[in-house]
Amino acid sequence: MAGDISIRLPDGSEKALPSGTTAGGLAQSIGRGLAKAALAALVNGTEVDLSAVLPDGAEVAIVTENSPAGREIIRHSTAHVMAQAVLRLWPGAHYAIGPAIEGGFYDDFELPGGAHFSDDDLGRVDATMREIIAEDQRFVRSERTIDEALVLFRDQPFKREIIEAVRDGAQEHDAAANEDATGAVISTYANGEDFVDLCRGPHVPSTGRLGHFSLTRVAGAYWRGDERRPQLQRIYGTAWESAAALAEHLHRLEEAERRDHRRIGAELDLFSFPDEIGSGLPVFHPRGGTIRRVMEDYSRKRHEEGGYLFVSTPHITKRELFEVSGHLVSFADGMYPPMELDGGQLYYLKPMNCPFHILIYRSRQRSYRELPMRLFEFGVVYRYELSGVVHGLTRVRGLTMDDSHIFCAPEQMPTEIDSLLSFVLGMLRDFGLEDFYLELSTKPEDKALGTDEEWEVATEALRVAAEKAGLELVLDPGGGAFYGPKISVQARDAIGRTWQVSTIQVDFQLPARFGLEYVGADNARHRPVMLHRALFGSVERFLAILLEHYAGALPTWLAPEQVRVLPVKADNQPYAHAVLDRLRAAGLRASVEGADSGVGARVARARTQKLPSVVVVGDRDVAQGTVGVNRRGAERDERGVPLGLFIAEVTEQVATRAVAPGPTVAAADS
RNA sequence: GCCCGGGUAGCUCAAUGGCAGAGCGUCCGCCUUGUAAGCGGUUGACGGGGGUUCGACUCCCCCCCUGGGCUCCA
């Protein structure tokens with residue numbers, strides 16, 4: 001057959017093929033390996049099935065199983081098989097939307113008679129899915145009119161709702177809405193005799209291409225993410241192109257669990273959540289308290305250098321303050337209920353510090369010469385988080401904000417935001433976070449105060465500052481606070497997860513609500529702009545992030561105990577204490593553990609407690625004034641290090657905030 | 001707040017409608033130790049409250065705490 005069509009490949013080459021060749025046929029013609037790895041194709045920028053016939057002149061790329069697009073197809077196809085399995089096991093179940101998500105997939109169901117999935121059901125669903133996969137059913141695409149689709153899915157209310165939304169012009173991700181001459185067309189995919197779903201595709205050619213999956217958990221989820229709508233039963237799973245990739249994924253989950261700050265907090269005796277106190281209310285033990293103190297001391301020092309003024313405000317206030325600020329209208333549900341005293345006067349625990357700082361600004365007439373005025377406080381606030389969202393130290397009901405409010409003249413705002421952003425990023429880097437991107441959150445659709453123009457000015461100022469910082473900028477439409485837009489700094493940790501840390505918010509609203517003013521050079525009164533800024537976010541949450549980032553092995557400068565001294569035997573105890581005195585005199589946090597058990601056991605214990613340095617002192621050290629040094633992470637110990645040298649090394653680590661305990665400055669003699 | 005799980009000693013985990021166990025830890029001895037855990041002993045728990053039962057850790061109800069999600073996040 002002569003080459004009737006010509007297609008172009010990603011490398012720019014042209015290929016002639018018989019007309020009627022499918023994407024899968026193209027893969028075959030290129031090579032056996034590619035054909036084996038092929039799952040779908042990208043034709044003129046649109047993903048299609050391998051069974052799709054290629055048009056003449058098309059640009060075609062084969063989507064392989066180990067690419068991001070290929071994995072998404074595997075996950076999406078696995079979600080179809082899961083829905084099919086659930087329908088086999090629970091005839092009459094309704095199924096909703098089953099997309100691929102990062103690392104896996106889910107699907108939502110409504111079971112007959114209002115039944116719920118239990119963990120045991122996961123095993124049954126898993127087994128049925130493997131039967132379907134063993135049957136190697138083909139995925140067959142069809143296109144139908146809206147009316148045909150409504151008939152086909154007459155018993156599936158969620159599918160009908162999607163189809164009706166397509167008919168009414170909505171863009172649906174889950175159902176194709178390809179316009180043609182006769183109107184909207186709905187594409188569906190069927191596999192086996194018993195399953196068909198709305199779907200844009202593409203899918204793997206047949207269910208036999210799947211199988212490296214694991215169902216991970218069941219959960220409730222509201223239909224369309226709306227808490228006023230029915231709650232469906234969701235099953236989450238993960239799926240990969242190979243057993244090795246699946247195993248690697250499960251290993252990453254284990255790694256995340258190993259780093260879980262709640263586990264580390266208990267293991268290293270840092271903090272706890274006594275039942276008697278209540279949900280989301282941590283207590284910090286001496287070691288955790290030490291880490292906090294070091295974090296806070298360093299932060300204070302940097303703020304002092306940065307021209308911040310330190311203030312302090314009470315934990316409770318009369319109702320009126322939050323009425324004026326507008327918080328009570330929006331957040332009464334998120335606040336602890338008021339205390340009533342003095343004949344009906346209501347007092348609230350503060351859920352934020354801003355109005356207090358505003359009152360400090362307003363305590364007397366202000367001059368433009370005082371601006372920008374940067375107020376700073378470690379303010380403890382209380383928020384009544386919903387019981388279902390409380391989580392370790394990252395979502396608590398009592399938290400310490402490293403809160404700053406900056407009052408400046410409008411014309412100072414761009415410069416101030418610039419320097420604020422670099423101050424924030426600099427401090428985050430000092431704590432060892434290096435990899436950032438920024439998110440710009442714009443005006444929310446409802447609950448926003450102020451004019452569009454004010455919002456635009458503020459948003460633009462933030463955008464310009466973010467661009468100057470030279471970091472990737474992601475838009476978060478509608479994500480701003482009710483009083484203004486914000487930039488948030490997102491940090492990636494050691495295993496690639498992102499955490500929102502610092503936020504910088506522009507606020508024209510509260511200065512107006514509280515009638516703030518300053519007298520300008522022109523002797524007229526002007527309204528200042530207010531910037532809200534939290535750097536750690538909350539001390540508790542930032543500590544959690546650090547613990548997970550470092551897997552508990554904090555840099556020396558942050559470690560609650562920096563050096564532990566181990567005398568080999570009781571005779572060496574006096575020398576051990578002399579070493580301890582020298583370490584403490586050098587400003588280090590250190591202790592001695594006496595010779596009540598073997599050196600090996602004590603070293604092992606210190607390692608599990610993630611101490612940066614452990615020194616062992618025996619007879620030879622006593623005679624020579626040396627120590628034996630064990631550095632965290634080092635393969636073996638180093639004997640006979642002069643004490644002065646060791647102290648210099650550790651104080652250097654502290655001064656430079658070095659991430660890992662380094663080697664000695666100069667190797668000691670042996 | 002909603003859905004699905006869980007709560008046994010400080011931690012990790014067992015067992016049973018009829019006397020609740022282990023390892024590690026704690027504490028006390030012994031051992032005097034040069035690098036991943038010396039020996040012996042000791043201590044210590046059914047989250048709380050109701051109910052069913054001759055008898056409840058076990059079955060039922062409520063509450064508290066907690067894990068994973070959903071919703072929320074000033």
Side-chain angles (χ1 to χ4, degrees), chain A residues 106 108 114 116-122 216-236 257 260 262-263 266-267 269 272-281 322 325-335 350-355 381 383-392 394-395 399 401 403 444 447 479-484 486 500 503 505 507 510 532 534 537 566-573 594-608 614-621 627-630 634 636-640:
Chain A
Y106 67 81
D108 291 341
H116 300 298
F117 290 122
S118 70
D119 285 347
D120 294 340
D121 293 330
L122 286 186
T216 49
R217 53 183 162 261
V218 299
Y222 299 105
W223 169 234
R224 296 297 209 188
D226 184 339
E227 65 177 329
R228 290 161 303 194
R229 311 215 47 189
Q231 187 160 38
L232 307 178
Q233 295 286 303
R234 177 172 295 181
I235 300 179
Y236 282 91
E257 193 181 328
D260 191 314
R262 294 165 299 183
R263 166 198 287 255
E267 284 173 357
D269 193 18
S272 61
F273 298 86
D275 289 358
E276 294 84 343
I277 296 176
S279 183
L281 298 167
F322 293 120
S325 73
H327 287 96
L328 260 178
V329 179
S330 305
F331 296 105
D333 287 350
M335 293 166 65
K350 68 173 170 181
M352 86 295 293
N353 304 299
C354 355
V381 301
R383 297 176 176 185
Y384 196 76
E385 301 286 0
L386 290 178
S387 60
V389 310
V390 170
H391 178 93
T394 60
R395 200 74 183 271
L399 58 130
M401 295 182 71
D403 212 355
K447 77 171 185 179
F482 69 87
Y483 50 69
K486 70 178 175 189
Q500 179 181 315
T503 58
Q505 309 184 330
D507 182 359
L510 290 179
H532 302 244
L566 310 181
V568 171
K569 56 188 189 208
D571 291 352
N572 308 130
Q573 198 104 337
D596 292 327
S597 55
V599 172
R602 282 178 287 156
V603 169
R605 234 179 342 260
R607 284 179 199 267
T608 61
V614 181
V615 300
V616 176
V617 294
D619 291 341
R620 261 176 296 147
D621 298 298
V627 292
V629 179
N630 298 266
R636 44 165 302 177
D637 62 310
E638 190 181 337
R639 305 272 169 100

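Below, chain A is the first sequence line, B the second, and so on; all start at residue 1. None of the values given here were measured: they were computed from a predicted structure.
For A/Thr608, counting side-chain heavy atoms from C-beta on, the closest listed nucleotide (B/A37, B/U35, B/G69) is B/A37. Side-chain atoms of A/Asp275 lie closest to B/C65 of the nucleotides B/A74, B/C65, B/U35.
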(request) Kindly express the pairing pattern of RNA chain B in dot-bracket notation, using | wherever a base pairs with another strand and counting only Watson-Crick or G-U pairs under 3.5 Å. (result) (((((((..((((....[..))))(.((((.......)))).)...(((((..]....))))))))))))....
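The gap from the C1' atom of B/G23 to that of B/U35 amounts to 24 Å, rounded to the nearest Å. Rounded to whole Å, the separation between the P atoms of B/C24 and B/U66 comes to 30 Å. Between B/U8 and B/G44, the two C1' atoms lie 12 Å apart (nearest whole Å). Between the P atoms of B/A36 and B/C19, the separation comes to 45 Å (whole Å). The gap from the C1' atom of B/A45 to that of B/U33 amounts to 35 Å, rounded to the nearest Å. B/G48 and B/U43 are spaced 25 Å apart, taking the C1' atom of each and rounding to whole Å. Annotation: B/C39 and B/G55 have their P atoms spaced 47 Å apart (nearest Å). Between B/A9 and B/A37, the distance separating the two P atoms is 28 Å to the nearest Å.
When side chains are defined from C-beta on, A/Asp507 counts as touching A/His532, because their heavy atoms get closer than 4.5 Å. Between A/Ser597 and A/Arg605, the closest side-chain pair of non-hydrogen atoms falls below 4.5 Å. Contact of the A/Leu399 side chain with the A/Val381 side chain is registered, since non-hydrogen atoms from C-beta on lie closer than 4.5 Å.
Judged by distance alone, the side chains of A/Tyr222 and A/Arg224 never bring a donor and an acceptor atom under 3.5 Å apart.
Dashed line: the shortest gap from a side-chain N or O of A/Arg217 to OP1 or OP2 of B/G69 is under 4.0 Å. Put simply, A/Ser330 has no side-chain N or O that comes within less than 4.0 Å of OP1 or OP2 on B/A74. For the pair A/His116 and B/C4, the criterion of a side-chain N or O lying under 4.0 Å from OP1 or OP2 is met. Between A/Tyr236 and B/C4 there is no side-chain polar atom (N or O) within less than 4.0 angstrom of OP1 or OP2. For A/Arg636 and B/G34, the shortest distance from a side-chain N or O to OP1 or OP2 is not below 4.0 Å. Put simply, A/Arg602 has no side-chain N or O that comes within less than 4.0 Å of OP1 or OP2 on B/U33.
A donor N or O paired with an acceptor N or O is found under 3.5 Å between the base of B/C72 and the side-chain atoms of A/Arg395. For A/Asn630 and B/U35, a side-chain-to-base donor-acceptor distance below 3.5 Å is present, hydrogens and geometry of angles not being considered. Residue A/Asp621 places a side-chain atom within donor-acceptor reach of the base of B/G34, judged by atom type and a 3.5 Å distance cut-off alone. The base of B/G1 does not come close enough to the side chain of A/Tyr384 for any donor and acceptor atom to sit less than 3.5 Å apart.
Closest approach of A/Leu510 and A/Cys354 over heavy atoms only: CD1-CB, 4.3 Å. When all heavy atoms of A/Gly479 and A/Lys486 are compared, the closest pair comes out as O-CE, 3.8 Å. Here the closest non-hydrogen pair linking A/Gln573 and A/Pro567 is OE1-CG, 3.4 Å. What you find for A/Phe322 and A/Pro355 is that their closest heavy atoms are CE2-CG, 3.8 Å. Across all their heavy atoms, A/Ala534 and A/Met401 have their closest contact at CB-CE, 4.2 Å.
Within 4.0 Å of A/Arg234, counting heavy atoms only, lie sugar-phosphate atoms of the nucleic acid but no base atom. The residue A/Tyr222 sits close to a base: some heavy atom pair falls under 4.0 Å. Base contact: A/Gly334 has a heavy atom under 4.0 Å from a base atom. Among the atoms of the strands shown, only primed sugar atoms or phosphate atoms (P, OP1, OP2) are found under 4.0 Å from some heavy atom of A/Arg262.
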(message) How would you summarise protein contacts on nucleotides 25-31 of chain B per nucleotide, using B for base, S for sugar-phosphate only and - for none, with heavy-atom distances below 4.0 Å?
(response) -----BB
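Atom CD in A/Glu385 sits roughly 17 Å away from atom C1' in B/C65 (whole-Å rounding). In this structure, CG of A/Asn572 is placed 14 Å from P of B/U32, rounded to the nearest angstrom. Separating the CZ atom of A/Phe273 from the P atom of B/G6 is a distance of 23 Å, rounded to the nearest angstrom. Residue A/Tyr106 contributes atom OH, which lies 8 Å from atom P of B/C70 at whole-angstrom precision. Here the C1' atom of nucleotide B/C11 and the CD atom of A/Glu267 are 9 Å apart, to the nearest Å. Rounded to an integer number of Å, the gap from CZ of A/Phe331 to C1' of B/A74 is 4 Å. B/G5 atom C1' lies 14 Å from atom CD1 of A/Ile235, rounded to whole Å. As rounded to whole Å, 18 Å separates atom P of B/G69 from atom CG of A/Leu232.
Tested against A/Val616 for a side chain to side chain contact (heavy atoms under 4.5 Å, CB included), the candidates A/Asp621, A/Val627, A/Asn630, A/Asp637 yield a single pass: A/Asn630.
In this pair, A/Tyr483 and A/His327 present their aromatic rings perpendicular. The plane angle is above 60°, beyond the 30 to 60° band.
A residue-by-residue look at A/Ala604 and A/Ala570 shows that A/Ala570 has its nearest nucleotide of RNA chain B further toward the 5' end. Looking at which nucleotide of RNA chain B each of A/Val603 and A/Val390 is closest to, the 5′-most match is held by A/Val603.
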(request) Give the intermediate values and the outcome of salt bridge (charged side-chain N to carboxylate O under 4.0 Å, His left out) for residues A/Asp260 and A/Arg262. (result) CA-CA 5 Å; A/Asp260 191 314; A/Arg262 294 165 299 183; 2.5 Å; yes
